[in-house]
Amino acid sequence: MAPSKVFTGARVVLPTGIVDGGRVIVDGTRIAGHAREDAETVDVRGHWLVPGFVDLHNHGGGGASFSGTADDVLTAVGTHRRHGTTTLVASTVTDDMDTLVQQAGLLSELAEQGEIAGIHFEGPFISPCRKGAHSEALLRDPDPAEVRKLVDAARGRARMVTLATELPGGIDSVRLLAEHGVIAAVGHTDATYEQTVEAIDAGATVATHLFNAMPPLGHRAPGPITALLEDERVTVELINDGVHLHPAALELAFHHAGPERVAFITDAMDAAGDGDGRYLLGPLQVEVADGVARLVDGGSIAGSTLTLDRAFRRAVTIDRLPVEHVVAALSANPARLLGLDDRVGSLEPGKDADLVLLDEDFALKGVMRRGAWVVAPQLG
């Protein structure tokens, strides 16, 4: 058995708050409450120690897509792990049903192997009015039978489906997903406030990248944003890359939803961790310039090139959010939403030893997943 490690001296972010000069004990693949006699002491003074990040919504990275081969999926997963995301849900993009069923089969195998935490289907059941970087020719109404087909293809590994719930079959599909323990997310939607309230009452519990791909908030037509922010049953996804959201919109979401109902996501595409250039998102061509991904045809924002360590650093250094609120948005809240908070999302004994080490300026210095270093820190 490998010796246990005792990390000492860091500012440790726990569910109860920040502990200066705290310590975290790792024994094998788990966080432990007590160190063994042969424990190795690791001095991490001058650093922050936080839980591994949990990404609910991610399409790829490192030049590879979750809509590709098994090797592509592993490349993308590895890229995001090196940026602190130790738990990741793989998101698909709109395609024909046969292709999505095939992708679901491949991704479910990788979920069974523990490489990903499940599958998120973003499309094809979304509004052509708010399609974003999805092929309009492949969109369809959310027929519950077809939604069920995708869920079944995922073999118990479907975690979330994004729907335009105002479309024919939308509400029935929300109920179907809720009955099968799959998160119904409202997104890429042209719904009214009243239609969104109906979807939430039917069982929808997530706002897919709030503010983006939905009608803006209006004083006479408050739209889906208001309904999603005001309901305590809803977790709101936010893409904190400085492109998708104005800082004031981010502040608005935190103020109205509260820090316990926000989940930072990447919505990353292949270019995350890979650089500028031409890429494919599903069947659509994307041009990435200065880190911003846009469709070649039309110029719509096409996902992001974000990694969650950058989202963390921006949130605390530019947006000036409290560190403990940012940690909740990156780890505890998405873990709880996925039903994985018994294993991940916080630095508590018995949970997986998923740790991120940051320096005083919140730059990533080390990543541990299940007790093994993904990025080994260079310590004095």
Side-chain angles (χ1 to χ4, degrees), residues 1-8 10-16 19 22-36 39-40 42 44 47-58 73-74 76-90 107-120 156-157 159-160 183 263-266 307-309 311-312 324 326-358 364-377:
M1 185 179 294
S4 61
K5 295 181 174 63
V6 183
F7 295 93
T8 63
R11 302 191 74 185
V12 181
V13 183
L14 300 174
T16 53
V19 178
R23 72 175 195 161
V24 174
I25 301 166
V26 172
D27 195 353
T29 63
R30 302 276 182 166
I31 297 172
H34 303 281
R36 300 205 313 263
E40 172 192 358
V42 182
V44 286
H47 292 79
W48 290 86
L49 198 57
V50 302
F53 309 143
V54 180
D55 196 353
L56 293 171
H57 185 158
N58 187 316
V73 174
L74 294 176
V77 167
T79 297
H80 286 282
R81 281 185 190 164
R82 290 190 292 275
H83 289 275
T85 299
T86 51
T87 302
L88 183 150
V89 175
L107 290 171
S108 66
E109 291 179 7
L110 292 167
E112 289 161 7
Q113 295 167 20
E115 298 293 345
I116 59 174
I119 307 165
H120 163 219
R157 301 295 177 166
R159 291 288 187 182
M160 183 163 64
I183 297 164
F264 281 143
I265 61 163
T266 60
T307 52
L308 284 182
D309 60 325
F312 189 118
E324 58 270 34
V326 176
V327 168
L330 285 165
S331 302
N333 297 345
R336 183 174 61 251
L337 182 70
L338 293 169
L340 299 176
D341 52 328
D342 60 331
R343 287 179 33 221
V344 300
S346 61
L347 301 178
E348 295 178 278
K351 295 193 178 183
D352 289 350
D354 293 352
L355 318 173
V356 175
L357 190 68
L358 306 164
L364 184 143
K365 294 299 179 182
V367 180
M368 175 177 281
R369 183 174 185 267
R370 297 179 185 174
W373 288 116
V374 177
V375 176

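- Between T307 and H80, some side-chain heavy-atom pair lies under the 4.5 Å cut-off.
- The CG atom of D352 sits 5.5 Å away from atom CZ of R370, with the distance rounded to the nearest 0.5 Å.
- Between the OG1 atom of T79 and the NE2 atom of H83 there is a distance of 7.0 Å, given to the nearest 0.5 Å.
- Taking OG1 from T266 and CG from D55, the interatomic distance works out to 3.5 Å, rounded to the nearest 0.5 Å.
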For V89 and M160: C-alpha separation, side-chain torsions, deciding distance, then whether side chain to side chain contact (heavy atoms under 4.5 Å, CB included) applies. CA-CA 9 Å; V89 175; M160 183 163 64; 5.8 Å; no

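- Looking at every heavy atom in both residues, G84 comes nearest to L364 through N-CD1, 3.8 Å.
- Looking at K351, its side chain does come within 3.5 Å of a backbone N or O of D341 through a donor-acceptor pair.
- Checked against side-chain contact (heavy atoms from CB on, under 4.5 Å), R369 has the following partners two or more places apart in sequence or in another chain: R81, T86, D354, V374.
- Closest of all the heavy-atom pairs between S346 and I31 is O-CD1, 4.1 Å.
- Taking 4.5 Å as the limit, every side-chain heavy atom of L347 sits out of range of all side-chain heavy atoms of V13.
- With sequence neighbours excluded, the residues forming a side-chain hydrogen bond (donor to acceptor under 3.5 Å, both in side chains) with H57 are H59, E122, E237, D267, listed by chain and number.
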Verify side chain to side chain contact (heavy atoms under 4.5 Å, CB included) between F312 and V356, making sure each step is shown before the conclusion. CA-CA 11 Å; F312 189 118; V356 175; over 6 Å; no

Working note: L74 + L110, criterion side chain to side chain contact (heavy atoms under 4.5 Å, CB included); need CA distance, chi angles, decisive distance, verdict. CA-CA 9 Å; L74 294 176; L110 292 167; 4.2 Å; yes

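- In plain terms, the two heavy atoms of R82 and V375 that are nearest each other are O-CG2, 3.6 Å.
- Nearest heavy-atom pair across R159 and L340 is NH2-CD2, 3.5 Å.
- For A328, the side-chain contact (heavy atoms from CB on, under 4.5 Å) partners at least two apart in sequence or on another chain are N333.
- F53 pairs with exactly one of V367, D309, V327, T87 by the side-chain contact (heavy atoms from CB on, under 4.5 Å) rule, that one being D309.
- Atom CZ of R30 sits in a crowded spot, with more than 12 heavy atoms from other residues, nucleotides or ligands closer than 6.0 Å.
- Across all their heavy atoms, G33 and I25 have their closest contact at O-CD1, 3.8 Å.
- A donor-acceptor contact shorter than 3.5 Å is absent between the side chain of T29 and the backbone of G371.
- Of the inter-residue distances, the one linking I116 atom CD1 with E109 atom CD reads 10.5 Å to the nearest 0.5 angstrom.
- For the pair V73 and E115, the minimum side-chain heavy-atom distance is 4.5 Å or more.
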Pair L357, L355 - check side chain to side chain contact (heavy atoms under 4.5 Å, CB included), show working. CA-CA 7 Å; L357 190 68; L355 318 173; over 6 Å; no

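- The distance from the OG1 atom of T16 to the CD atom of E324 is 10.5 Å, given to the nearest 0.5 Å.
- When all heavy atoms are compared, the tightest approach of V12 to R23 is CG2-N, 4.1 Å.
- Put simply, CG on L56 and CG on L88 are 9.5 Å apart, with the number rounded to the nearest 0.5 Å.
- Looking at heavy atoms from C-beta onward, R157 lies out of side-chain contact with L107 at the 4.5 angstrom threshold.
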